Structure formats: structure tokens, C-alpha cells
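Treat the numbers as computed from the prediction; the structure is a model and nothing was measured. For ligands, and for the atoms within them, numbers begin at 1 and follow the listed sequence. By convention here, the first residue in the shown sequence is residue 1.
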Amino acid sequence: MSDPIDDEQSDSPEIRMKVIGVGGAGSNIVDRLMLSQVTGVELVAVNTDQQALAGSPIVNKLCIGKSVTGGLGTGGDAEVGREAALKHLDAIDEMVSDVDLLFIAAGLGGGTGTGAAPVIAEQALRSGAIVIAFVALPFTIERAARAKVAQEGLKRLRDTCNAVVPLPNDLLIQESDPDASLLDAFAKADAWIEKAIRSIWCMMNKTGMINVDFAQLRQMLAKKAGKTLFGLGAGDGPNAAVEAVADLKLCPLLHTPEFSKKADQLLVNIVGGTRIGMADTQMIMEAVSEEFGADANVTMGAVVDEDLGDSVEICILGTSEVSSVPFTKVVKPRAASSKAVKDEPAVEKTETAPRSKAASSRPATHKSNKSAAQEEFSFSEGDPKGEFENSDGTLFEGQDLDSPTYLRRGVKIVL
Ligand SMILES: Nc1nc2c(ncn2[C@@H]2O[C@H](COP(=O)(O)OP(=O)(O)OP(=O)(O)O)[C@@H](O)[C@H]2O)c(=O)[nH]1
């Protein structure tokens with residue numbers, strides 16, 4: 001796929017997208033996105049660890065809660081992470097105020113990502129953005145307390161985001177070469193996030209055979225969501241479409257307890273080279289709807305990217321409603337929450353990089369649905385059974401994926 005922003009000939013982006021990496025893992029993720037030249041979206045790093053932030057190549061960064069943490073991190077305390085973020089509500093508001101589609105990346109189980117990410121999500125939601133969070137869940141070998149903190153963080157994020165995509169770190173080991181280093185495994189996780197962001201960027205900004213606009217995306221994600229379903233598949237050559245469907249069905253992310261098996265709202269995006277036609281598109285849609293959507297309300301986009309040659313890529317993002325109770329919209333004056341904790345100045349915040357030429361040419365009609373009194377969405381908890389303990393075994397090719405891979409395969413992690 002061509003790099004969205006580097007492609008000067010591409011259609012002007014109309015949707016302002018940002019990725020905010022929160023905490024150590026989140027910052028690593030945006031660092032890697034930057035190094036892999038994902039420049040179609042603005043990248044921001046937020047952390048309590050001043051030293052780690054100083055080493056990040058990201059231009060826009062915000063050190064939060066120095067008065068609480070001394071700039072040394074939260075020591076794994078999510079309440080401290082939350083408090084640190086609350087001390088910078090004005091800076092966070094500014095960070096999210098011009099965003100249509102916000103991706104939050106974080107690792108759950110520590111203090112900063114778990115505590116601060118929901119605060120950022122809530123502010124972004126209030127300012128009218130759609131918020132999709134990609135969160136790494138700690139390895140099973142990490143302390144049980146971490147898993148508990150992560151589950152609480154996941155619940156909070158599900159209450160404050162339009163969609164939350166959990167990426168279990170155990171799965172990363174499974175996906176990686178047994179001798180791969182931990183950093184390699186993490187890089188692999190970041191590749192999922194990168195592909196998802198690129199795919200959604202293409203869907204929103206490229207003209208295609210079947211276009212999905214931002215209003216459709218908003219409508220699709222504005223339902224009360226529980227678990228998220230997210231997967232990617234790719235194929236190449238004369239049977240690229242068939243291969244891409246097969247690859248998608250094998251996508252390990254779709255075979256974990258964290259994801260639902262079917263979606264009530266399903267977004268399918270197909271990006272193909274010039275050879276992709278309506279017949280391929282239709283075949284993909286039918287196969288994907290049958291496998292993952294059944295009775296789902298399916299929104300589909302299909303765009304051509306000349307640089308893909310004979311390749312086809314499929315990205316699916318679905319949410320499943322866990323309650324028939326409709327959205328509860330609570331109108332809250334923005335100031336009420338913003339004043340909850342007195343803001344302190346950002347310790348380290350570089351100038352906001354100028355928006356891309358294309359992005360700044362965005363029509364002024366966007367975000368016309370914003371109002372001075374912002375709306376807050378109230379969601380219910382998505383997984384009444386809990387994430388790990390009581391879920392059914394997930395059998396895939398004869399193996400129970402709920403059992404940590406390093407136990408099943410004796411994988412060793414090179415640190
Ligand atoms: N996928 C991925 N996961 C990571 C990475 N770094 C850490 N993690 C995971 O994320 C969890 C949270 O770690 P951090 O992000 O370092 O923690 P933090 O949010 O900065 O919180 P504190 O350091 O306690 O303030 C860990 O338990 C790891 O499982 C990374 O680069 N990629």
C-alpha cells in the first residue's frame with residue numbers, strides 16, 4: 001500500500017486523524033509508527049516518564065503529572081496515571097480538539113497507559129472525535145496484579161471509547177519466531193496497528209469502488225459496543241481475493257477470547273490493486289459477512305490503490321452489542337469536568353507540527369455536529385464473563401489458544 005501522505009497525487013485527506021501513544025508501550029508504538037513512516041496521521045507521545053519521552057523521536061510529546069511522579073513514571077499505579085492526566089486536561093483538550101478520528105495506543109497493566117488513556121479518550125469523545133483504542137494486554141507471565149489492573153483499564157476504556165481493540169501480548173509470542181526477541185514480538189504487534197490505521201486511512205480518504213464516509217463510520221461505531229472484532233488478511237497474485245479471505249480467517253487476532261466471534265456492526269474495508277473487480281469484491285463481502293457478521297449490519301468500503309499491484313488487503317472492524325438498551329446521552333457542560341483538577345502546565349511539550357497541506361485543506365463543514373455543550377456517551381461493560389478466566393476454550397487447529405503459547409510450545413523469550 002502506498003504511504004498515504006507521501007503520495008502527493010492522492011486525494012486530499014478530509015479526515016483529521018491522530019495517534020496518541022500513552023505510557024511506555026504506547027510511546028514505543030508511536031515511535032515505531034514514525035520509524036515505519038506512517039505519516040498519514042499525526043503522532044503524539046504522552047508519558048509520565050520524562051526520560052523515556054526525551055528519547056522518543058516523536059515531535060509532539062507531552063510529559064504529564066511531573067508534580068505527582070517527579071517525571072519518573074507511576075510505579076505501576078493506574079490511579080497515579082489517571083491523576084497525572086487529569087492535571088493536564090487543558091493540554092489534552094488542545095491535543096484532541098482538532099481531531100476527527102483518534103487512535104489511542106497503550107499497554108495496559110502499568111500505571112500510565114491504564115490510568116491516562118481513558119482520560120484522553122474521554123476528552124476526545126467530548127470534543128466530538130471517534131476514538132479507537134489499540135491496547136496491548138500484559139503477558140500471562142507478568143504478575144497477576146498486572147492482569148487485574150489491565151482488565152480494569154480495559155473496562156474503563158470500553159466505557160469511554162467507540163471501539164477498543166485488545167492485542168494480547170501472549171499472542172505476539174505465538175506469532176513470532178520462537179527465538180525472536182521481545183522487541184521483535186512487540187514490533188509485530190505494532191505492525192497490526194499500523195496496517196489497521198493505514199487501512200482506515202485509505203477507507204476514509206481514497207475514492208473507491210464503494211466509498212465509506214466518515215458519517216458512516218461514526219454511525220457504525222456510535223452503537224453501544226461490547227467486545228470488538230478486528231482482523232486483517234492479505235493475498236497476492238491471480239487468486240489474491242480468495243487468498244486474502246483465507247488469510248483473514250486465519251488471522252490470530254480473531255481467535256482469541258478477547259474478541260467476539262460475530263459482530264452486530266461490521267465494517268469491512270477492501271484495498272486492492274488495479275486488478276480487483278466487482279466480482280472479487282462481492283465474493284469477499286459474502287465470505288466475510290457469512291463468517292463474521294451473520295445478521296450484522298455490514299458497512300463495506302472498497303478502494304483501489306494502484307501501488308498494491310496484484311495484492312488485496314482486507315481489514316474488518318466489528319462491534320457487538322451486549323445490551324438492547326440504546327445509547328444514554330448525558331449532556332455535560334465541558335467546563336464541569338475540566339475544572340475537576342486544576343491544570344498544571346505541560347512539563348515538556350514541543351510545538352504542534354503543522355498539519356499536512358492536504359489535511360489543512362479540509363472542508364470547513366466537518367464536525368458541524370459539535371456543540372458548545374458536549375455530549376458524553378455512556379456505554380455498558382462489554383464482557384460480563386470476564387476476559388480470561390471463565391471464557392470457553394478457543395480451539396484453533398487443534399490447539400487451545402487460551403493456553404499461553406510459551407507453555408504449549410516451550411517458547412523462550414530473548415530479552
Ligand atoms: N505490545 C507492546 N507491549 C508493551 C510494550 N512495552 C510494554 N508493553 C506491555 O505493556 C504493559 C504496560 O507497560 P508500560 O506501557 O511500560 O507501562 P506504563 O503504562 O508506562 O505504566 P508505568 O510504567 O507503570 O507508569 C506491560 O505490562 C507490557 O506487557 C511494547 O513496546 N509493545
Original post:
What do we get for T74 next to ligand 1 when only non-hydrogen atoms under 4.0 Å count, side chain, backbone, both or neither?
Top reply: both
Subject >> ligand 1 atoms in contact with G111 (distance to a heavy atom under 4.0 Å) >> reply: 21 (O), 22 (P), 24 (O), 25 (O)
Subject >> Main-chain N/O of V271 paired to D305 side chain as donor or acceptor, under 3.5 Å >> reply: no
Original post:
Below 4.5 Å, heavy atoms only, C-beta onward: do P57 and D31 meet side chain to side chain?
Top reply: yes
**OP:** Go through the side-chain N and O atoms of T74 and T48 and say whether any donor and acceptor fall under 3.5 Å apart.
**Re:** no
Original post:
Which atoms of ligand 1 sit under 4.0 Å from any heavy atom of G23?
Top reply: 19 (O), 20 (O)
Original post:
Given P168, A25, G110, which has its nearest heavy atom closest to atom 14 (P) of ligand 1?
Top reply: A25
Subject >> Spacing of CD1 belonging to I197 relative to CZ belonging to F134, to within rounding of 0.5 Å >> reply: 6.0 Å
**OP:** Output, in order, the C-alpha distance, side-chain angles, deciding distance and verdict of side-chain contact (heavy atoms from CB on, under 4.5 Å) for L89 and V119.
**Re:** CA-CA 8 Å; L89 284 182; V119 174; 3.8 Å; yes
Original post:
Which ligand 1 atoms does G76 reach within 4.0 Å, using its non-hydrogen atoms?
Top reply: 24 (O)
**OP:** Any chance you could lay out the side-chain contact (heavy atoms from CB on, under 4.5 Å) test for F292 and L248, step after step, and finish with the verdict?
**Re:** CA-CA 11 Å; F292 303 105; L248 175 69; 3.8 Å; yes
**OP:** Would you check whether I29 has a nitrogen or oxygen atom less than 3.5 angstrom from a nitrogen or oxygen atom of ligand 1?
**Re:** no
Subject >> Distance-only N or O hit between ligand 1 and P138, under 3.5 Å >> reply: no
Subject >> Distance (rounded to the nearest 0.5 Å) between L101 CG and K18 NZ >> reply: 12.5 Å
Original post:
Of all the atoms in ligand 1, which lie at a distance below 4.0 Å from a heavy atom belonging to R146?
Top reply: 11 (C), 12 (C), 13 (O), 26 (C), 27 (O)
**OP:** For residues V298 and V268, determine if any side-chain heavy atom of one lies less than 4.5 Å from a side-chain heavy atom of the other.
**Re:** yes
Subject >> Residues T228, I132; criterion side-chain contact (heavy atoms from CB on, under 4.5 Å); working and verdict >> reply: CA-CA 10 Å; T228 312; I132 301 177; over 6 Å; no
**OP:** Would you indicate which of I193, N169, L72 comes nearest to atom 1 (N) of ligand 1 when only heavy atoms are counted?
**Re:** N169
Original post:
Under a 4.0 Å heavy-atom limit, does L108 contact ligand 1 with its side chain, its backbone, both, or neither?
Top reply: backbone
Original post:
For ligand 1, which atoms sit closer than 4.0 Å to a heavy atom of G24?
Top reply: 15 (O), 16 (O), 18 (P), 20 (O)
Original post:
Quick one: does G113 get an N or O within less than 3.5 Å of an N or O on ligand 1?
Top reply: yes
Original post:
Which atoms of ligand 1 have any heavy atom of N28 under 4.0 Å away?
Top reply: 6 (N), 30 (C), 31 (O)
Original post:
Taking both backbone and side-chain atoms of D77, is any N or O found less than 3.5 Å from an N or O belonging to ligand 1?
Top reply: no
